[in-house]
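Written below as structure tokens is the structure these notes are about.
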Protein chains: 2
Amino acid sequence: MARKSAADFPLRLDNQICFAVYSTAHAFNRVYKPLLDKLGLTYPQYLVMLVLWERDDVPVKEIGERLLLDSGTLTPLLKRLEAAELIKRTRSTEDERQVLIALTAKGEALREKARAVPQSILAASACSVGELVAMKNEIVALRNRLNAVLGE
Amino acid sequence: MARKSAADFPLRLDNQICFAVYSTAHAFNRVYKPLLDKLGLTYPQYLVMLVLWERDDVPVKEIGERLLLDSGTLTPLLKRLEAAELIKRTRSTEDERQVLIALTAKGEALREKARAVPQSILAASACSVGELVAMKNEIVALRNRLNAVLGE
DNA sequence: CACAATTAGATTGCGCGCAATATAAATTAT
DNA sequence: ATAATTTATATTGCGCGCAATCTAATTGTG
């Protein structure tokens, strides 16, 4: 008779990949916190800035699509970034439903200070870039399968 | 000259494992939502119930250690579970600082309805138990390295 | 053209997650 | 034994994350 494996205890906390993901997301948040405090950003705000540093002057919708967030989350977050003078929010003239998000000079400048962040995270994760990339690809593949189920 | 790899664009959103973990946690949440709605639980509440279904009559502290959550999160959450009559909260007589959490009959009974949840999640993740266990172990190892950095 | 349907974003409400602080009980030091 | 320290939980405040609802603009249809 085979030894009982994890699959035989599906309700055990330690056997649940979702808890592994959930608690790792919190761990990342805690590691990021002191780094992002220096930039005056929260982690979700940092994600929005990453999107804008790649390409500027995008509608809220597009930011939401990249980060998988809706307007209920983004609208107040973007207002806070605007209050911090990192971005500008302007109604599109072509389509007045859209609000375009653009970086201010201050928002652009913050990019330089942010360059130090990824290497600090890499150091904290204590493994090679290759391992991280491999793990990231697996996790993203899992996420995409989960999201595919939701779309049905 | 070698082709540029992910490591050469550390600020790109798609290269960040933290975003992979963050967005996968949200994806799990969305998949869980309709399943847990039937049980009348949120995902964090479900995690607390998992802990209690393993072992009952534990102090808040122990739940916090297993889930990596503090009293600021747990106290109101536990009060809501108490309001739903799934648990009882009683001051320990041995150590009056502690509050012991015990399942009610209703809380015990909910375990049976919860048995269907893990297999639904497994189906949604669309991969084998073996693959999931391997991925889970990698992610937990990463989480533990991140948390180790925080403890310094 | 009018009118229905869709789309982008804003608003409200609720439940985390966590920092900061408070309180009361237990432990340790003196 | 008294005082100082530590520990367990509670409270407050803020920023997400998301469901539900609302408004205004655009698109589609007869």
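Letters go in sequence order (proteins before strands), and every chain restarts at 1.
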Rounding to an integer number of Å, can you tell me how far [X] [atom1] sits from [N] [atom2]?
X       : N      : atom1 : atom2 : value
B/Asp37 : C/dC14 : CG    : P     : 16 Å
B/Leu41 : C/dG15 : CG    : C1'   : 13 Å
A/Leu69 : D/dA19 : CG    : P     : 12 Å
B/Lys33 : C/dG15 : NZ    : P     : 11 Å
B/Ile63 : D/dA10 : CD1   : P     : 11 Å
B/Tyr46 : C/dG15 : OH    : C1'   : 19 Å
B/Leu47 : C/dC16 : CG    : C1'   : 12 Å
A/Leu36 : D/dC16 : CG    : C1'   : 14 Å

- So does A/Glu112 have more than 12 non-hydrogen atoms from other groups sitting under 6.0 Å from CD?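 Check passes, neighbour count above 12.
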- Query: Counting only heavy atoms not in A/Lys106, do more than 12 fall under 6.0 Å of its NZ?
  - Reply: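 Yes, the 6.0 Å shell around NZ holds more than 12 heavy atoms from other groups.
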- Task: Give the nucleotide from the list D/dG15, C/dC18, C/dA25 with an atom nearest to the side chain of B/Glu96.
- Result: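 The answer is C/dA25.
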- Message: Nearest to the side chain of A/His26, heavy atoms from C-beta on, is which of C/dC16, C/dC18, D/dC16?
- Response: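 Taking heavy atoms from C-beta onward, the closest nucleotide is C/dC18.
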- Task: Assert yes or no for the condition that the ring centre distance of A/Phe28 to B/Tyr22 is strictly below 6.0 Å.
- Result: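 Distance test on ring centres: not under 6.0 Å, no.
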- Query: Between CD1 of A/Ile87 and CG of A/Leu100, what distance do you get to the nearest 0.5 Å?
  - Reply: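 It is 11.5 Å, given to the nearest 0.5 Å.
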- Message: Within this structure, what is the CE-CD1 distance for the pair B/Met49 and B/Ile63, rounded to the nearest 0.5 Å?
- Response: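 It is 10.0 Å, given to the nearest 0.5 Å.
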- Could you pick out which residue, B/Glu94 or A/Ala27, lies toward the 5' side of DNA chain C when each is mapped onto its nearest nucleotide?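 Nearest nucleotide further toward 5': that of A/Ala27.
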- Message: Taking 4.0 Å as the cut-off, does a side-chain nitrogen or oxygen of A/Tyr22 come that near to OP1 or OP2 on C/dG17?
- Response: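 Affirmative; the distance criterion is met.
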- By nearest nucleotide on DNA chain D, pick out whichever of A/Asn29 and A/Thr93 is the more 5' one.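 Counting from the 5' end, the first nearest nucleotide belongs to A/Asn29.
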Please write out the pairs of protein N or O atoms and N or O atoms of nucleotides 8-13 of chain C separated by less than 3.5 Å, giving the distance to one decimal.
| unit_1 | atom_1 | unit_2 | atom_2 | d |
| --- | --- | --- | --- | --- |
| C/dA8 | OP2 | A/Lys61 | NZ | 3.3 |
| C/dG9 | OP1 | A/Val60 | N | 3.2 |
| C/dG9 | OP1 | A/Val99 | N | 2.9 |
| C/dG9 | OP1 | A/Val99 | O | 3.3 |
| C/dG9 | OP2 | A/Lys61 | N | 2.6 |
| C/dA10 | OP1 | A/Arg89 | NH2 | 2.5 |
| C/dA10 | OP2 | A/Thr75 | OG1 | 2.5 |
| C/dA10 | N7 | A/Ser71 | OG | 2.8 |
| C/dT11 | OP2 | A/Lys79 | NZ | 2.6 |

- Query: Under a single-linkage definition using a 4.5 Å side-chain heavy-atom cutoff for Ile, Leu, Val, Met, Phe, Trp and Tyr, are B/Leu36 and B/Leu77 assigned to the same hydrophobic cluster?
  - Reply: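 As far as the 4.5 Å side-chain criterion goes, B/Leu77 and B/Leu36 are connected within one cluster.
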- Task: Flag the pair B/Asp70 / B/Leu74 as yes when at least one side-chain heavy-atom distance between them is below 4.5 Å, and no otherwise.
- Result: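 No - every pair of side-chain heavy atoms lies 4.5 Å or more apart.
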